[in-house]
Structures are given as C-alpha cells and as structure tokens.
Amino acid sequence: MMELPNKGTILILPAVSSANVPQLAVDLLVHSFRIPFYSLLDHGGLLYPFAGPREDPAPLENDTATQLPKNGIASSLEVYHNSSVTCLIQRSPTLPASRGLFISKVLLPFIQQNKFSRILLLSSTDASRRSDPGGQRVTSISLYDRSFQGISTPTILDLSRKIAKLSVDESIPQPEYEEYALPPRLPGSGITLQFLKVAVTHNLPTSSVILYVYEGDNFADAYYMAEMALSALEIASPPAWTPPPSWEGVYGRKQKVGLEYGLYG
C-alpha cells in the first residue's frame, strides 16, 4: 500500500457514479485549491484500465521548484495530496463483481494506513430513477459524531443501531440536505452503498454527499457538488473557482463570428 507523508488529513473520495459528477467536482477542487499530484495508486487490477493526459493544477505562488504544472499520465486511481487534504480520484469503474474486493483490498488498507481524520465520499445517483421525484436534490449522510476527532475514536451508536439508522447531525441547519437512514438503493451510484456499510463496520469517520443528477452537461452540477463538499467539511470556498483547462474544449471551442473570420451571425 501507500504511506503518505502527512497523516490525519481529510480524505475526499469521489465514487464513479452517474454522469461522473464527483470526478468533475474533485477535479474542480484540486485545481481551485492547487492540491498537487502525489502518485498513482495500485488497484490490483480491479479497475478497468485507463490512461490519458493528466492535468496537474498550477503550482502555488510560493512554490519555487517549478513555474509550470507537471503534466503526466492519468490513470485509473490517482492521489492528490498536501498537508491538509488528500483526494483519491478513481477515474474508471470496477470490473464486474469486484466492488467489494476493491473496497476491502485497496480502499480500506489505504485509509487505515494513513489514519485520515475525516472521509468525505462524493457520489451521484440517477435522478430519472428515483422513487420520490419531488425530493431534495442532495442527500447528506453522516456516520460519525463531529464532536470527536480521529479515525480511532468510537462512534456514538453501536454497530447494530447504525446499520439500521445512521446518526443525524442537527447542530448545523442545512435546508438543502436530507439526512436519514441509508437508502436501500441508489441507482448508478457505484460503490457508494457498499463503501458506507464498510465504513460503519470499521468505525471510519465518514460522511457522504450524494447528488441526484441527469446525464448531460453536468458542469453546473460539478460546481454545486464542490460547494456542498466544502460546506460538509466546513471549509471556505475559494475566491474564484479554477476549472481544469480541458473543460474549455469539451463541447468544442467557441467560433469567432465576424466578417474577417468568414462566419456570420
């Protein structure tokens, strides 16, 4: 496994789920807060192979080691890390019937070795398949008591009660959120339910933000989820959001219109 240089950081974990909104949101957080790329993480062949160009965030102003981002190869499982936050970005889904193995053999050892102070699982689910179309847009689930710190701290409720109904934090009003027992199904949410059950079993200080989305242009959903993530972690938003450069060309570049460009409109 991999031992990070900084223990006790916050782990942000985006699930491969509907419209890939969690990956978009975490990429937005990485570039906006300039969290540097640390390493690829070995997934033991449990994820679909993936490779492509990697877009690292611009270096911090006081980083004298380099003046340009160190771009490289993106792969199925990447670690971005600094002294306070770790982002473990899964970019491809698990192989068939491999979700449980991926959680137990890859995610859980990585989490236990690095003793994260908090874990935030970001996920999305198919809004077209929800049973309550008029429900809230975001579901927030908390598996730990915010008054405690540290991965080894026991949770308030015993295991059997937490499996039946997760603890609800009512200290901070969050009208945009629903917090309730673990839903029986979240279509298109990937490893979300299995990971949350493992988090309960192993007393991991985990919370989750789950967004109902439709497939399409999901950039607005990504900004919204990034804001919800910061709200859940009680972190202030950046002065300005910095999207990855590749977002500019997802739907083609805007054509210049005018007589000198040969296009009229």
Side-chain angles (χ1 to χ4, degrees), residues 10-43 47-63 65-82 84-94 120-127 188-192 209-230 233 235 237-257 261 263:
I10 295 170
L11 175 63
I12 302 177
L13 178 64
V16 174
S17 49
S18 293
N20 285 330
V21 173
Q23 281 71 30
L24 293 174
V26 175
D27 279 336
L28 185 60
L29 291 170
V30 163
H31 282 262
S32 298
F33 287 95
R34 300 184 182 184
I35 304 172
F37 172 78
Y38 182 73
S39 179
L40 303 178
L41 182 62
D42 182 14
H43 53 77
L47 302 180
Y48 279 96
F50 168 79
R54 191 180 75 236
E55 290 185 319
D56 289 351
L60 296 171
E61 294 179 359
N62 59 358
D63 184 359
T66 180
Q67 298 300 317
L68 295 172
K70 295 180 179 179
N71 295 335
I73 297 176
S75 189
S76 304
L77 199 58
E78 304 171 347
V79 179
Y80 288 78
H81 176 71
N82 61 20
S84 57
V85 177
T86 301
C87 298
L88 179 59
I89 305 180
Q90 180 188 347
R91 299 199 182 275
S92 64
T94 57
L120 177 63
L121 176 68
L122 300 180
S123 183
S124 52
T125 183
D126 189 349
S189 64
I191 66 171
T192 301
V209 173
I210 304 166
L211 183 63
Y212 288 90
V213 300
Y214 296 95
E215 295 277 354
D217 182 351
N218 296 103
F219 285 146
D221 292 324
Y223 281 96
Y224 185 76
M225 176 169 277
E227 289 281 7
M228 292 300 98
L230 295 180
L233 295 171
I235 297 175
S237 299
W241 289 105
T242 305
S246 60
W247 285 22
E248 297 178 6
V250 170
Y251 299 105
R253 299 189 182 278
K254 293 183 178 179
Q255 297 296 327
K256 295 182 179 180
V257 177
Y261 302 111
L263 294 176

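Taking CG of Leu13 as the start and OG1 of Thr86 as the end, the distance is 11.5 Å to the nearest 0.5 Å. Atom-to-atom distance recorded for Leu233:CG and Ile12:CD1 is 5.5 Å, nearest 0.5 angstrom. To the nearest 0.5 Å, atom CG of residue Asp42 and atom OG of residue Ser75 are 9.5 Å apart. In this structure, the separation between CG on Leu211 and OG on Ser189 is 12.5 Å, given to the nearest 0.5 Å.
Residues Met225 and Val213 have side chains not in contact (no heavy-atom distance under 4.5 Å, counting atoms from C-beta outward). Within the 4.5 Å cutoff, side-chain heavy atoms of Asn82 are placed close to those of Pro36. The side-chain heavy atoms of Leu29 and Cys87, taken from C-beta on, include no pair separated by under 4.5 Å. Side-chain atoms of Val85 and Tyr80, non-hydrogen and from C-beta on, never get closer than 4.5 Å to each other. Side-chain contact between His31 and Pro245 is present, with at least one heavy-atom pair separated by less than 4.5 Å. Side-chain contact check for Leu120 versus Leu122: some heavy-atom pair is nearer than 4.5 Å. Counting heavy atoms from C-beta outward, Val30 and Ile89 have side chains that approach closer than 4.5 Å.
Sorted by first and then second residue, the pairs that involve residues 14-24 and meet side chain to side chain donor-acceptor pair (under 3.5 Å), not counting sequence neighbours, are Ser17-Ser124.
For CD1 of Ile73, the number of neighbouring non-hydrogen atoms (other residues, nucleotides, ligands) closer than 6.0 Å is 12 at most.
Legend: residues meeting side chain to side chain contact (heavy atoms under 4.5 Å, CB included) with Pro238, ordered by chain and number and at least two apart, are Ser32, Phe33, Leu230, Trp241. For His43, there are no ring pair (Phe, Tyr, Trp, His ring centres under 6.0 Å) partners at least two apart in sequence or on another chain.
Pairing each heavy atom of Gln90 with each of Pro14, the nearest pair is CB-O, 4.2 Å.
Side-chain atoms of Asn218 come within 3.5 Å of backbone atoms of Gly216 as a donor-acceptor pair (strictly under, hydrogens ignored). Side chain of Glu227 to backbone of Ala229: no donor-acceptor contact under 3.5 angstrom is found.
Relative ring orientation between Trp247 and Phe219 is described as parallel, the plane-to-plane angle staying below 30° on a 0-90° scale split at 30° and 60°.
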